[in-house]
Number of protein chains: 4
Amino acid sequence: MPSKAQRPVQGKRRQTASKVRAAALTLFARYGYAAVSMRQIASEVGVQPGALYNHFPTKQDILKDLMLSHMGELLTAWTSAKPHPQTDPLVAFARFHIRYHMERADEVFVSYMELRNLEADNFAAVDAERRRYEAILTGILEDGAANGRYALDDPKVTTRALIAMLTGIATWYRASGTLSRQTVEDYYINLVCRAVSLEPGKTQRENG
Amino acid sequence: MPSKAQRPVQGKRRQTASKVRAAALTLFARYGYAAVSMRQIASEVGVQPGALYNHFPTKQDILKDLMLSHMGELLTAWTSAKPHPQTDPLVAFARFHIRYHMERADEVFVSYMELRNLEADNFAAVDAERRRYEAILTGILEDGAANGRYALDDPKVTTRALIAMLTGIATWYRASGTLSRQTVEDYYINLVCRAVSLEPGKTQRENG
Amino acid sequence: MPSKAQRPVQGKRRQTASKVRAAALTLFARYGYAAVSMRQIASEVGVQPGALYNHFPTKQDILKDLMLSHMGELLTAWTSAKPHPQTDPLVAFARFHIRYHMERADEVFVSYMELRNLEADNFAAVDAERRRYEAILTGILEDGAANGRYALDDPKVTTRALIAMLTGIATWYRASGTLSRQTVEDYYINLVCRAVSLEPGKTQRENG
Amino acid sequence: MPSKAQRPVQGKRRQTASKVRAAALTLFARYGYAAVSMRQIASEVGVQPGALYNHFPTKQDILKDLMLSHMGELLTAWTSAKPHPQTDPLVAFARFHIRYHMERADEVFVSYMELRNLEADNFAAVDAERRRYEAILTGILEDGAANGRYALDDPKVTTRALIAMLTGIATWYRASGTLSRQTVEDYYINLVCRAVSLEPGKTQRENG
DNA sequence: AATGAATGAGTGTTCATTCAT
DNA sequence: TATGAATGAACACTCATTCAT
């Protein structure tokens, strides 16, 4: 049973930090890290600029926090995802990737656009997570290539090509458009499957 | 016969403007438009900041110039490209796109990353060019779909997916790596072909 | 008999105030009043900045407290000093001054350097104490000049000259150097004596 | 014959830089380096804050410039000083020091008070000059002690004592007071002479 | 007595841009 | 065509101080 004496002060701290993250994410996604000022973030949060520094030591730390937690959550989400065991792994991964990226367009956009604005050590940390994530797809492609299920030339090149293709959705898809998420997802799944010569209709694993 | 009365002064003017473009391109690609100052550009050119304003009225105009001329040259290059008439049009386009984008990594990078830093009217101008370019691919896909040569769900969605995939090469390909340009090109062509169920080996048009 | 009912709470209050004084003294001496922040002091004390305000209403009050109590203790120390009655008064004073200032380099340094950072009324209070202290020496010089023991042109000018000379020790003397305190003291006493033509060897009052 | 085509622009540059130095000197002397803002300096100069950076890269550089040029000018002035050859060297040096320091109270004050605000390398540069200057006096004292003209215990300690005494004039002397410069100078000369047992009346070198 | 989030003003410095030369 | 001094606004960040807890 959790303590009932939780101090509201704790809540307030988390709340403000949370608002800062949210405001920064939106602003960075729209205008870019370098073009957003701490004043803009503070004003969005409804606080004076100096107050931001009670929660993040520098502007760079906000960016690092956003990018690292995005990557962390992405990896966690994949780990907890339990696709139907008979679904083809590439299809499972692609569906997961598409859905996650459509739902988090801002995080995705920032994570791809602001890499160059990370200071060296922060970049290294974020890049390591990116590699871990891409390695999942590379592993799936290697397995599928090994057992003849997928046709491909090079798992790493294919990884990059497919990730770029799928992640690109976030740059153009608008929920307000004519295409539903499900439709877009299905079209891209078909592209992915064909790209490795996996029959789109036959995306259930054969149990041998 | 070219005019013999070319004034060297004209040459000098063009030369400096040219250096400005080159410096800005490199710097924007590396650090981003918002993070690069006119002072940095001037210093790279070997000139005082005020001198830049003899060639470009504002910083924004440098960006607009770079992006518009990149799109213009891209369209011109496609128009002048004379692929072998028996080559499949999708393959021809993809090969053209890959080669052009591998050779101009900085232009491509800037053109994709700095769209949000364009002021409204400049964005409109650049975006119109982008649409013209993508329309070429959409047209090819529509034709191919109509005559049953390509399998695809939606030409516009496929256009975006393929463009994202191919353009992504610029973000990871390094000439210093282990893969030759030709190899990368071939791998991507295979991906493109399979993505629309065009037999990679059968990329010559049948003449009917 | 001291009260046995001393409350530890009182002790704690005094303790923290004391730590604040000590931290501020060290920091002001090293970096100067204006260059030291309340945060630095708090961090040195091991407390949050806000807590300082339970002990001193403003940063200025810390400085005033340090300087006024330094002057107070200096005057008290002189009053309680009981030099050998046969010692020449100038020599007694100079020895006292040298010893006191060598032992309290930080207090001395702050008291001489930060006068300009005192607000008007605080300056007046501290300056009054300084005058009281210097008046002691002026009195000694006037007496000695009157009875022909010392040769000097003007007691006030001589006071300032000697005080500057003696206080200057604090700016260069390091206990870690090659000269012992006693040696330095003796050398300066000789300088003082000669400066008023008092035979260094004859520093015992003749009792008439 | 100097060029007549001197550009007034050159004059303007020097003029502003000069005003900055003057304003900074006055302000640093009155309020201390740390307590003076670039805005205050700019406002005193009659310019926007950013303009200061056309002349000094940082605030620290203004301080360095002031202190280094003060020391440089001091050393130059001593080198060019041609005291009467029959004047005792200690007296000549002391007179020079007193006069120079009375005329440049601000420079002197800043140079003694702001040493701790110099960054390490700037401090080293300034301190080296200070040592050079003090070495002049030490040399004079050593010579005089060697030929029995002065009585003293240790040339280095005596140097510090005398310099502190003489430099201290700047902290209290006001031209508006009752004592003339000449009177103060004479009184201090007498103190210096007696401090090394040099008969004040006998300050002409005996030519042997 | 102490915390820690917040304020409002301020810091040194940089910015894109202008303009007399 | 270029310089370089200047502007006026903005930047990231820090300050002394307050106050609810």
Side-chain angles (χ1 to χ4, degrees), chain A residues 7-10 12-13 15-17 34-42 45-60 62, chain B residues 9-10 12-13 15-17 34-42 45-62, chain C residues 9-10 12-17 34-42 45-60 62, chain D residues 7-10 12-17 34-42 45-62:
Chain A
R7 281 183 296 168
V9 119
Q10 285 268 352
K12 194 174 188 187
R13 182 179 225 305
Q15 225 172 57
T16 303
V36 170
S37 73
M38 292 298 265
R39 277 166 179 77
Q40 279 175 272
I41 298 172
V45 172
V47 112
Q48 295 295 321
L52 300 181
Y53 293 86
N54 288 325
H55 304 278
F56 297 91
T58 68
K59 186 186 172 188
Q60 171 78 197
I62 303 179
Chain B
V9 151
Q10 282 271 348
K12 193 177 186 188
R13 180 179 228 299
Q15 225 173 53
T16 301
V36 170
S37 73
M38 292 297 266
R39 276 165 177 78
Q40 277 175 273
I41 298 171
V45 172
V47 109
Q48 295 297 320
L52 300 181
Y53 291 84
N54 289 322
H55 305 278
F56 296 91
T58 69
K59 185 185 172 190
Q60 172 76 201
D61 284 286
I62 303 180
Chain C
V9 152
Q10 283 272 349
K12 193 175 186 189
R13 181 177 227 302
R14 276 202 197 104
Q15 223 173 53
T16 302
V36 170
S37 72
M38 292 297 266
R39 276 165 177 76
Q40 277 176 272
I41 298 171
V45 172
V47 110
Q48 294 297 321
L52 300 180
Y53 292 85
N54 289 322
H55 304 278
F56 295 91
T58 69
K59 185 185 172 188
Q60 172 76 201
I62 303 180
Chain D
R7 281 184 294 170
V9 120
Q10 284 268 353
K12 194 173 188 188
R13 180 181 226 304
R14 280 206 194 100
Q15 227 172 57
T16 303
V36 170
S37 74
M38 293 297 266
R39 276 164 181 79
Q40 278 175 271
I41 298 172
V45 172
V47 110
Q48 294 294 321
L52 300 180
Y53 292 84
N54 289 324
H55 305 278
F56 297 90
T58 67
K59 184 185 173 189
Q60 172 76 197
D61 283 285
I62 303 180

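Computed from a predicted model, the values in this text were never measured in an experiment. Hydrogens, waters and symmetry mates play no part in the numbers below; they use all other heavy atoms, side chains included. All chains are named by letter (A, B, ...) in the order of the sequence lines, taking the proteins before the strands, and each is independently numbered beginning at 1.
- Close to F:dA2, at under 4.0 Å from its OP1 or OP2, lies a side-chain N or O of B:His55.
- B:Val45 comes within contact range of no nucleotide atom at all, as no heavy-atom separation falls under 4.0 Å.
- In this structure, CD of C:Gln15 is placed 10 Å from P of E:dA2, rounded to the nearest angstrom.
- The side chain of B:Thr16 places an N or O atom within less than 4.0 Å of a non-bridging phosphate oxygen (OP1 or OP2) of F:dA2.
- Pairing partner, E:dT11: F:dA12, with both Watson-Crick or wobble hydrogen-bond distances short of 3.5 Å.
- In the set E:dA1, E:dT17, F:dA12, F:dA12 carries the atom at the smallest distance from any side-chain atom of A:Lys59.
- The listed nucleotides are F:dA5, F:dA16, F:dG4; the one nearest the side chain of D:Asn54 is F:dA5.
- Using N1 to N3 plus N6-O4 or O6-N4 for Watson-Crick, or N1-O2 and O6-N3 for G-U wobble, each under 3.5 Å, E:dA20 pairs with F:dT3.
- Pairing partner, E:dA1: none, since no Watson-Crick or wobble contact has both distances short of 3.5 Å.
- Pairing each heavy atom of A:Pro49 with each of A:Arg39, the nearest pair is CG-CG, 3.9 Å.
- A heavy-atom distance below 4.5 Å is not found between the side chains of A:Ile62 and A:His55.
- Taking atom CG of residue C:Leu52 and atom P of nucleotide E:dG4, one finds them 14 Å apart after rounding to whole Å.
- If you check E:dA2, E:dA6, F:dA2 against the side chain of B:Val47, the one that comes closest is F:dA2.
- Side-chain N/O atoms of A:Arg39 and base N/O atoms of F:dA10 include no donor-acceptor pair closer than 3.5 Å.
- Of the candidate nucleotides E:dT13, E:dG8, F:dT7, E:dG8 has the atom nearest to the side chain of A:Gln48.
- Annotation: the span from A:Met38 atom CE to A:Phe56 atom CZ amounts to 9.0 Å, rounded to 0.5 Å.
- Taking the nucleotide of DNA chain F with the nearest heavy atom to each of C:Ala51 and A:Gln40, the more 5' of the two is matched to A:Gln40.
- For C:Ser37, a side-chain nitrogen or oxygen approaches OP1 or OP2 of F:dC15 to under 4.0 Å.
- Nearest to the side-chain atoms of D:Pro49 among the listed nucleotides F:dT17, F:dT3, E:dT13 stands E:dT13.
- In this structure, B:Tyr53 places its OH atom 14 Å from C1' of F:dG4, rounding to the nearest Å.
- For D:Met38 and E:dT14, the CE to C1' distance is 12 Å, given to the nearest whole Å.
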